[in-house]
Amino acid sequence: MKEYDHKKIEKKWQNVWDKNKTYQAKDFSKKPKYFSLIEFPYPSGDGLHVGHPRSYVGMDIISRKRRLQGFNVLYPIGWDAFGLPTENFAIKTGKDPRVVTKKNTDNFRRQIKSLGISFDWSREINTTDPKYYKWTQWIFLQFLKKGLAYKAKMTINWCPKDKTGLANEEVVGGLCERCGTPVEKREKEQWMLAITKYADRLDKDLDTVDYLPQIKLAQRNWIGRSEGAEIDFKIVIPTRTPGVRVFTTRPDTIFGATYLVLAPEHELVKELKDKIKNWSEVEKYIKEVKNKTDIERTSTDKVKTGIELKGIKAINPANKEEISIWIADYVLPHYGTGAIMAVPADDIRDKEFAEKFKLPIVENYQKAGFEDFGKKITKFKLRDWVFSRQRYWGEPIPVVHCKKCGIVPVPERDLPVELPKVKNYEPTDSGESPLANITKWVNTKCPKCKGRALRETDTMPNWAGSSWYYLRYTDPKNKKTFANKKNLKYWLGSDPATGGVNWYNGGNEHTTLHLLYSRFWHKFLFDLKLVPTAEPYKKRTSHGMILGEGGVKMSKSLGNVINPDEMVKIYGADTLRVYEMFMGPFSQSVAWSTESIIGSRRFIEKVWRIGVKVSTQKNSSALPASGLRHGPNFSVPKLSKLLNKTIKKVTEDIEGMYFNTAISSMMILATEMEKACLSSGTTENIELEDYKKFLQILSPFAPHVTEELWSMLGEKKSINLSSWPKEDKSLMEDEEIKIVVQINGKFRTEIMIRADDDEEKIKKEALSDETVLKHILGKTVKKVIYVKNRLINIVV
RNA sequence: GCCCGGAUGGCGGAAUUGGUAUACGCGCACGACUUAAAAUCGUGUCUCGUAAGGGAUGUGGGUUCGACUCCCACUCCGGGCACCA
């Protein structure tokens, strides 16, 4: 018998598909289009993680199914290659990030290709390619033009020893990850993007997209829309106008407000410095707060801290009572107005604070109307996006600073502003990007006045390139624009309300930031009439992580990292694909088990054995013509029925991403098929057409082996060019149905009924069943509940 | 701490969304084939009990004829928390 040689088969078909451009999407086609998307990977030096294929295979199954369903499918991939790990590697080794990136992407490409994912490699993109980031910079200039990119002072993490700014990730327990020095906060001018201008629409438009409910919820919570009121409190000591404005979601409780709390950073504190009698204490407290994170500050289980601003008082506008003013770290400067009115009778945090500092608590106060003392206002938790990085490996922000003209955008014709080569990748001592050291590059001419000017040395965050990459796939080589409008209209759809990438799958960990940022960019481009749809993604799902054996995180330090190359080598890509889809529910994290992968291999081998038998007997004339078969083991109808049920199940399960149960049902079918062969010694019990349908529904999961078997059965064209089978309902109906009989909700027995029996007849039958009679002997039957085609429960 | 998930046999998980808990797979045991091994196939495999029957879906309560599924309170685990991607 012909052996299953995964190495030969997989290599062979990967070459054929490549040569025939089987998976290349065609711009414009009579077929309906389908745009399926995965999050393009960051090409890390560690190579592909077994978690990557999970997402890629999942969407590959969807994409392959869509092709068989007659769609013109775009399933692209690229590299999100700017970022910290490559930069830190460069700092450590002195190697050019370009060289490192090239090496890593080459490795990733080879690994992904070995899995037989149906990506359209002709559209491969790379965020670090100047031809790509030219357009990232161009989009930034549009933000600048519309006033949505601006500069503001922000606090950053600062390591006083290394003299560099640090990313949050590089701060471990308040210490610098590299040298262990306590990290300080510093103020620095940063480029910002005004995402808050889009907050309302980012929230509202979630109603128009098909995201998993928990993804929508996560987005909504992040945006944090809430309705409240802004109320002005007069400062009476010292007399000052204007007073202080607070934001509250409960303006109705104003009669219970017994003191005010300001964020320690509130400008009023600095302004009234001279009037605050206990300034030295206040100053000390402000310093302490400065190095705390927002999480530490707002944690509700820590002891409340704060300090009164002695010597200044405010007036509650509702009851005209004089109240004290405090500062406390649990009030954050960037939410609301950075000031609250405290109603200890009604708010747990205010109550804790009042109890600790012995502040008055008024329990039974008069309720006010919503807008009696202030103005209704909608507030968002969402903050503007800090868009500057003092780093090397990112897109240079394309502006110049001119003493005469101020900030001047680089003219669009001069894009891209290419990242120059440097010798040293470390940030400078002053905390500037390493680009600041290249005087030749920094010194330039002002595009406006032609005078001397300096280039901006900040670069963009990694999120920039990934905020619009899906658009570039529709027209990846365009030199005139980021993507042709016609292409965008074709691939995203022309209806602003319903169009977008058809299906976008990614990690749970991206359901807030990346997803929100790219929705923001897309909406901005939509407003400029540069993209045809209001939302980038019509549908969004997410997959869980693959953990190491035993459910711990897979990491180098734990030594439990699984190399996909090795799995492909030993078991084959098809087995790895099937295993990753079978190991657990797609949406949840699941632990890897090398011991278990053998089950998927056995399944593929079973399919292979049946196929080899079917093909050899088909080619020998020993097999009687279809429809003329007889014999004691004649079980074609039974198998056909199971096949049709399986087609239905697999068709539906793929849509819900229930890949594990789809595979389970195909395993059952394969087992039954093989049994049918064994019982008769031939494959006469398997209809050739049935077996082919089985191969078709399996092909999205295991594309190589099914393609090989397909051709062994005499098919000249690729299985990719066939059409998705449809179940035959007439072959699926059961005339006899098994009904469970329960007594008081406990399983007792089962009876067979005919599909057309009426309820009374079934109940009667159940009550006259031997086992039932035994159990209800001497008891009164109170009630008989019948659930159609399922069960009967007798209550006694 | 806050937000979003999750918890079912020795292990990964299934359960038509309120209707036979443990499908499918791994592992294990036994059997067939084999000189033997591997592969493959078959049988068994939650638990107590000889059986009849009882118990079990993280914990404690509740709703219901009936709860893994719904409600309330808790425990533990994973992800996110704005400069990791």
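In the text below, chain A, chain B and the rest are named by the order of the sequence lines, each starting its count at 1.
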**Q** Does A14(B) have its OP1 or OP2 closer than 4.0 Å to a side-chain nitrogen or oxygen of N660(A)?
**A** yes
**Q** For nucleotides U63(B) and C48(B), find the distance between their C1' atoms and express it as a whole number of Å.
**A** 30 Å
**Q** Going by a 90° cut-off around 0, is G9(B) syn or anti?
**A**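 Base orientation relative to the sugar is syn.
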**Q** Ignoring backbone atoms, test whether H510(A) places a side-chain nitrogen or oxygen under 4.0 Å from the OP1 or OP2 oxygen of C84(B).
**A** no
**Q** Per the ring pair (Phe, Tyr, Trp, His ring centres under 6.0 Å) rule, which among F520(A), W521(A), F380(A) passes with Y198(A)?
**A** F520(A)
**Q** Do the side chain of K606(A) and the base of U40(B) come within less than 3.5 angstrom through a donor-acceptor pair of N or O atoms?
**A** no
**Q** Over all heavy atoms of both residues, which pair between N560(A) and S555(A) is shortest? Give the atoms and the distance, please.
**A**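 In terms of heavy atoms, the two residues are closest at OD1-N, 2.9 Å.
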**Q** How far, in whole Å, is A23(B) from G13(B) if one measures between their P atoms?
**A**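 Approximately 15 Å lies between the P atom of G13(B) and that of A23(B).
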**Q** Taking a pair as Watson-Crick or G-U wobble with both distances under 3.5 Å, which nucleotide is matched to A73(B)?
**A** U59(B)
**Q** Is there a side-chain contact between Y330(A) and D350(A), using heavy atoms and a 4.5 Å cut-off?
**A** yes
**Q** Hunt down the Watson-Crick or G-U wobble partner of G10(B), both distances under 3.5 Å, from any strand shown, or write none.
**A**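 WC or wobble partner is C26(B).
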**Q** Describe the nucleic acid contact of D294(A) in one word from base, sugar-phosphate, nothing, applying a heavy-atom distance below 4.0 Å.
**A**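 No contact.
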**Q** Pick base, sugar-phosphate or nothing for I215(A), based on heavy-atom distances below 4.0 Å to the nucleic acid.
**A**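 It contacts nothing in the nucleic acid.
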**Q** Would you find a donor on one side and an acceptor on the other, under 3.5 Å apart, between the side chain of N644(A) and the backbone of E727(A)?
**A** no
**Q** Quick one: label E509(A) by what it contacts on the DNA or RNA (base, sugar-phosphate, nothing), any heavy atom closer than 4.0 Å.
**A**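 Since a base atom lies under 4.0 Å of E509(A), the category is base.
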**Q** What distance, rounded to whole Å, do you find between the two C1' atoms, one in U43(B) and one in C65(B)?
**A** 38 Å
**Q** Under 3.5 Å, is there a donor-acceptor pair between the side chain of R297(A) and the main chain of D329(A)?
**A** yes
**Q** Any idea which of G1(B), C81(B), C4(B) is nearest the N221(A) side chain?
**A**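 Taking heavy atoms from C-beta onward, the closest nucleotide is C4(B).
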**Q** Considering every strand and a 4.0 Å limit on heavy-atom distances, what is the contact class for L217(A): base, sugar-phosphate, or nothing?
**A** sugar-phosphate
**Q** Please tell me which of the listed nucleotides, G5(B), G19(B), A85(B), lies nearest to the side chain of V787(A)?
**A** G19(B)
**Q** When you measure from the side-chain N and O atoms of R602(A) to the phosphate of G27(B), is any distance below 4.0 Å, counting only OP1 and OP2?
**A** yes
**Q** Would you mind telling me which of A85(B), C84(B), A23(B) lies closest to the side-chain atoms of E169(A)?
**A**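 Given the options A85(B), C84(B), A23(B), the side chain of E169(A) is closest to C84(B).
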**Q** Is the base of U20(B) syn or anti, if syn means a glycosidic angle within 90° of 0?
**A** anti
**Q** Any Lys/Arg nitrogen of E426(A) or K92(A) sitting under 4.0 Å from an Asp/Glu carboxylate oxygen of the other?
**A** no
**Q** Taking all atoms of both residues into account, what is the closest heavy-atom pair of S433(A) and T428(A), and its distance?
**A** O-CG2, 3.5 Å
**Q** Taking atom P in both G5(B) and C72(B), what distance in whole Å separates the two?
**A** 14 Å
**Q** Between G80(B) and C30(B), how far apart are the P atoms? Round to whole Å, please.
**A** 46 Å
**Q** Pick base, sugar-phosphate or nothing for Q390(A), based on heavy-atom distances below 4.0 Å to the nucleic acid.
**A**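 Answer is base: heavy atoms of Q390(A) come under 4.0 Å of a base.
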**Q** Just compare C81(B), U17(B), G1(B) and give me whichever is closest to any side-chain atom of W222(A).
**A** C81(B)
**Q** Respond yes when some side-chain nitrogen or oxygen of R609(A) is under 4.0 Å from OP1 or OP2 of C41(B), and no when none is.
**A** yes
**Q** Taking the minimum atom-to-atom distance to the side chain of Q214(A), which one of G25(B), G53(B), C4(B) wins?
**A**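 From the listed options, C4(B) comes nearest.
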**Q** Check whether any side-chain heavy atom of S542(A) sits under 4.5 Å from a side-chain heavy atom of L212(A), and report yes or no.
**A**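 Side chain of S542(A) against side chain of L212(A), heavy atoms only: contact under 4.5 Å found.
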**Q** Does any nucleotide pair with A21(B) by Watson-Crick or G-U wobble geometry, both distances under 3.5 Å, and what is it?
**A**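 For A21(B), the partner nucleotide comes out as none, under the 3.5 Å rule.
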**Q** What interatomic distance, in whole Å, is found between P of U40(B) and the corresponding atom of G54(B)?
**A** 41 Å
**Q** Between A67(B) and G42(B), how far apart are the P atoms? Round to whole Å, please.
**A** 37 Å
**Q** Please report the distance separating the C1' of C3(B) from the corresponding atom of U47(B), rounded so that it comes out in whole Å.
**A** 39 Å
**Q** Is there a donor on the side chain of R790(A) or the base of U16(B) sitting less than 3.5 Å from an acceptor on the other?
**A**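 Counting by modelled atom types and ignoring angles, a donor-acceptor contact under 3.5 Å is found here.
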**Q** What are the two closest heavy atoms between R540(A) and G507(A), and how far apart are they?
**A** NH2-O, 3.1 Å
**Q** How long is the gap from NZ on K379(A) to OG1 on T196(A), to the nearest 0.5 Å?
**A** 10.0 Å
**Q** Base, sugar-phosphate or nothing for K188(A)? Non-hydrogen atoms, less than 4.0 Å.
**A**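 Nothing, no nucleic acid heavy atom in range.
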**Q** Please produce a list of atom pairs where a protein N or O lies less than 3.5 Å from an N or O of nucleotides 65-69 of chain B.
**A**
residue : atom : partner : partner atom : Å
C65(B)  : O2   : N793(A) : ND2          : 2.3

**Q** Kindly point out which of C26(B), A85(B), C24(B) is positioned nearest to the side chain of S664(A)?
**A** C24(B)
**Q** Would you say K746(A) reaches G55(B)'s phosphate, i.e. side-chain N/O to OP1/OP2 under 4.0 Å?
**A**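 Checking K746(A) against G55(B): at least one side-chain N or O falls below 4.0 Å of OP1 or OP2.
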**Q** Which part of the nucleic acid, if any, lies within reach of R349(A) when heavy atoms closer than 4.0 Å are counted: base, sugar-phosphate only, or nothing?
**A** nothing
**Q** Can you tell me the Watson-Crick or wobble partner of A38(B), both distances under 3.5 angstrom?
**A**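 Base partner found: none.
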**Q** What nucleotide, of U20(B), C83(B), G5(B), holds the atom closest to the side chain of R389(A)?
**A**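 Closest nucleotide to the R389(A) side chain: C83(B).
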**Q** Choose from A14(B), A82(B), G25(B) the nucleotide whose nearest atom is closest to any side-chain atom of L513(A).
**A** A82(B)
**Q** Which nucleotide wins on minimum distance to the side chain of V740(A), given the candidates U20(B), C26(B), C83(B)?
**A**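 For V740(A), the side-chain atoms sit closest to U20(B).
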